[in-house]
Each structure stands twice: as C-alpha cells, then as structure tokens.
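Notes follow the structure.
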Amino acid sequence: MLKLFTLLVAAGIASPALANDTLAEIKTGGLIFAQSDDVSMAEEDLFISASEVRVDYVFENSSDKDVESLVAFPMPDISGQVDNNSAISDYDSDNFLHFSTVQDGRPITAKLQQRVISLGIDVTDEFAKQGIPVLPYSQKTTEALAKLSETIRKDWIVRGLVYPMGAGDAAGVDLVPLWTLRSTYWWRTTFPAKKKVSVQHRYKPAVGGTVAISFLEGGEPKGERFEEYSRKYCLDGDFVRVAQQRAREAEAGGANYTESWISYVLSTGANWAGPIKRFQLTIDKGKPGSLISFCGSNVQKIGPTTFRMTSEDFDPTKDFDILILNPPETAQ
C-alpha cells in the first residue's frame, strides 16, 4: 500500500486559475508487449521530469527457446475540440512526443500506425481520400480543411468531424477539427533464450497545469478540487499549510506560483511473466524552489531536485500522478 510522501521546499500560491489559463495534461506510459509466460521484466528504471521521460528496461527470457514478440508504444490520443487546451507542444509532427527507442544499444526504427476516429467510427480511409492530414491542430491540416469542397464541408459538419466557426454558410467559415487521432509506434523483436535484453525509450511528456494555484478555495483547504488533489497527489497538512502561507504573501503583492501536472500510466502493458523484480522511480521537480507532491513509498531525496523510490517484486496496478508548484522566476 502506498504511503504518503510530500516534500516541502520553497512554495507559493495565488488565486484559482481560470479555465482558459489551463492546459490539460495528457497521460502517457511505457511499452506494451505481446503476452508471454517466458519473458519477465528483471528491471525497470523510470525517470520522470517536466522535460523528459526516460524508461530503461531489462527483460529476461527464462525459457530454452527464442521468443518473438510485438512491442508497441501507444501515443496519447489527440482529440480536436473547439477550445483547445491540450498540453501537446508540437502539433506539426507525427512524432509529437519526440519518441525514440533503443534495444541492446541499437536504435529501433519503429513503424507508425495512425487511425482517425469520429463518434466511434474509423474514418481514416476517408481522410486519405480527401488528402486531409490527420493531426488535428497542425497548420497543414488547417490549410487542407479550408480547401474542402462545399459538399464535403457540409457532410463533415453534419457527421461531427468538424465544427464551423464564424458566421455565414458552410463555405464561408473556418472548420475546427473534432476527430480523435490514435497513434501507435510498433516493431517486432526477439528475446533470445536464456538471455537478457535491454530496451530504452525516451519522450517529452505533455505537461498540464495552470497559471496559478487552484486547489484552495478562498485561501482555505476545502471544495471539490481540493478533495480531488488530496486523493490524486496525496497532499498532507504541511503541504497545505505552506500553500496557504504563500497565498497570503501573494495577496500582499507577491508573484503567482504555477501548477504543473505530470501523469504516467504505470499499469500499461504488464504482459510479462510475474512482477517486476526490481523497480526504480526517479523524479526531478526541475527547480530547487519548487514544491512537489505525489503518492509513493520509501522515497529518498538524492539531489537538490531529485527523489527516488525503489521496490522489489513490483506489480504496477496504479497510475502515477505528480503535482509541482513552480515558483516565480524571481524566487528560484
């Protein structure tokens, strides 16, 4: 059972942020492997920060035969919406998380599968027929949508693929994407008999957040948002008291602190044999003056901004969420 862990350094707080000052974090996780009773995960070394996620695995094939497997990295869904508040920063690249992977020291060239879903219906082939790029918010997509014929525009509006913004008929309005893009990188690999295989992958997480601290209500620890944060990030009394103190300082003229949210899907693809023999998680909060809170056990501070927890025979059944309160630039 997870124990509460909250680290207090310098922190600050301000009034709750408005909805249009918020970026929604997008959950990502690790690799997914085809089911195998012969391949176990000997080690997983996971590093999480606001700028990079690194995962280093060691797999072991205990059988006397080679095991061929399909490996996949599911990218988070990108859903179009009228008010875009996604934390994705690179809308013009299919590899919008800058994902890369290496196996036994050799770079892997993964294949990319992309599907376009609208109202539960796969419309990928139709997008290809019309020459529409699948990334909802890319500049090329915007330009291609503007060139659709009036007949297709009206049809796509009726079917909920796009939303018309502006006045006038269908031919005279901008079209906002409403479809969902599902992307997965995948490749085939072999786990040799009686041997260990190392796999590493890296990507840039989609970090959400607000321009101010949002979990206090009138400077007090109450309300639905506070209760949600308490469950999700394991806020404790010391954390809350420091937040309240900084809130009062902000009201007296101090600068706003901001929230950053990072979510990692620990439970993704646990198809190997048995639990993870050795699991290690390292978290970097970025700035020495930041405040960080998350749910964990046996956490140790190993540097000015880094924290680590380890576990033996680890069974990843829950996702992992991190809250970072970032100080103003003048209070690093």
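All values below were derived from every heavy atom in this structure, side-chain atoms included, with hydrogens, water molecules and symmetry-related copies excluded.
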Hey, does the side chain of [X] reach the backbone of [Y] with a donor-acceptor pair shorter than 3.5 angstrom?
X: Thr305; Y: Lys287; value: no
X: Trp261; Y: Thr210; value: no
X: Asn61; Y: Lys65; value: yes
X: Tyr163; Y: Asp174; value: no
X: Thr28; Y: Pro205; value: no
X: Gln244; Y: Glu220; value: no
X: Thr190; Y: Pro192; value: no

What distance do [X] atom [atom1] and [Y] atom [atom2] have between them, rounded to the nearest 0.5 Å?
X: Thr282; Y: Gln300; atom1: OG1; atom2: CD; value: 11.0 Å
X: Phe307; Y: Ile292; atom1: CZ; atom2: CD1; value: 5.5 Å
X: Ile108; Y: Ser100; atom1: CD1; atom2: OG; value: 11.0 Å
X: Leu325; Y: Glu259; atom1: CG; atom2: CD; value: 6.0 Å
X: Leu181; Y: Asp77; atom1: CG; atom2: CG; value: 7.5 Å
X: Glu126; Y: Ile152; atom1: CD; atom2: CD1; value: 6.5 Å

With the side chain counted from C-beta on, respond yes when [X] and [Y] share a heavy-atom pair under 4.5 Å apart, and no when they do not.
X: Ile117; Y: Asp122; value: yes
X: Phe47; Y: Asp56; value: no
X: Phe320; Y: Leu46; value: no
X: Arg202; Y: Glu52; value: yes
X: Gln114; Y: Arg182; value: no
X: Leu112; Y: Ser183; value: yes
X: Arg159; Y: Val123; value: yes
X: Leu135; Y: Asp92; value: no

Which heavy-atom pair separates [X] from [Y] by the least distance, and what is that distance?
X: Ala144; Y: Gly131; result: CB-O, 4.1 Å
X: Pro74; Y: Thr184; result: CA-OG1, 4.0 Å
X: Ser293; Y: Leu235; result: OG-CD2, 3.7 Å
X: Cys295; Y: Arg231; result: SG-O, 4.1 Å
X: Phe314; Y: Leu266; result: CZ-CD1, 4.3 Å
X: Gly30; Y: Tyr57; result: CA-OH, 3.4 Å

Are Gln280 and Arg278 close enough that a side-chain donor and a side-chain acceptor fall under 3.5 Å? yes
With no hydrogens and no angle check, just 3.5 Å: does a side-chain donor-acceptor pair link Thr306 and Asp284? no
Stepwise, does the side-chain contact (heavy atoms from CB on, under 4.5 Å) test hold for Tyr229 with Ser214? CA-CA 10 Å; Tyr229 272 46; Ser214 64; 3.3 Å; yes
What about [X] and [Y], same hydrophobic cluster or not, with Ile/Leu/Val/Met/Phe/Trp/Tyr joined at side-chain heavy-atom distances under 4.5 Å?
X: Leu70; Y: Val199; result: no
X: Val102; Y: Phe99; result: no
X: Ile32; Y: Val58; result: no
X: Ile324; Y: Met309; result: yes
X: Val67; Y: Trp186; result: no

Tyr185 vs Thr101, side-chain contact (heavy atoms from CB on, under 4.5 Å): CA-CA, chis, key distance, verdict: CA-CA 10 Å; Tyr185 281 98; Thr101 187; over 6 Å; no
Check ion pair Asp38-Lys194 (N to O, under 4.0 angstrom):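 The answer is no: the pair does not qualify as a salt bridge.
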So, are Glu143 and Lys147 salt-bridged, with charged N and O less than 4.0 Å apart?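 No, no charged N to carboxylate O under 4.0 Å.
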Verify side chain to side chain donor-acceptor pair (under 3.5 Å) between Ser311 and Asn298, making sure each step is shown before the conclusion. CA-CA 8 Å; Ser311 180; Asn298 302 319; over 6 Å; no
Taking the inter-plane angle between the rings of [X] and [Y] on a 0 to 90° scale, is it parallel (under 30°), tilted (30 to 60°) or perpendicular (over 60°)?
X: His201; Y: Tyr203; answer: parallel
X: Phe239; Y: Phe215; answer: tilted
X: Phe33; Y: Phe191; answer: tilted

With side chain to side chain donor-acceptor pair (under 3.5 Å) as the test, would you mind laying out the steps for Ser51 and Ser49 before giving the verdict? CA-CA 5 Å; Ser51 60; Ser49 73; 3.3 Å; yes
Go through the steps to decide whether Phe73 and Trp187 satisfy the test ring pair (Phe, Tyr, Trp, His ring centres under 6.0 Å), and finish with yes or no. CA-CA 9 Å; Phe73 177 72; Trp187 64 96; 8.6 Å; no
As a quick check of understanding, evaluate side-chain contact (heavy atoms from CB on, under 4.5 Å) for Gln130 and Trp156, giving each step before the final call. CA-CA 11 Å; Gln130 298 299 329; Trp156 282 23; 3.9 Å; yes
Within a radius of less than 6.0 Å around CZ of Phe226, do more than 12 heavy atoms belonging to other residues, nucleotides or ligands occur? yes
Would Ile322 and Tyr264 count as a side-chain contact (heavy atoms from CB on, under 4.5 Å) if you check the C-alpha gap in whole Å, the side-chain angles of each, and the deciding distance to 0.1 Å? CA-CA 9 Å; Ile322 302 169; Tyr264 187 87; over 6 Å; no
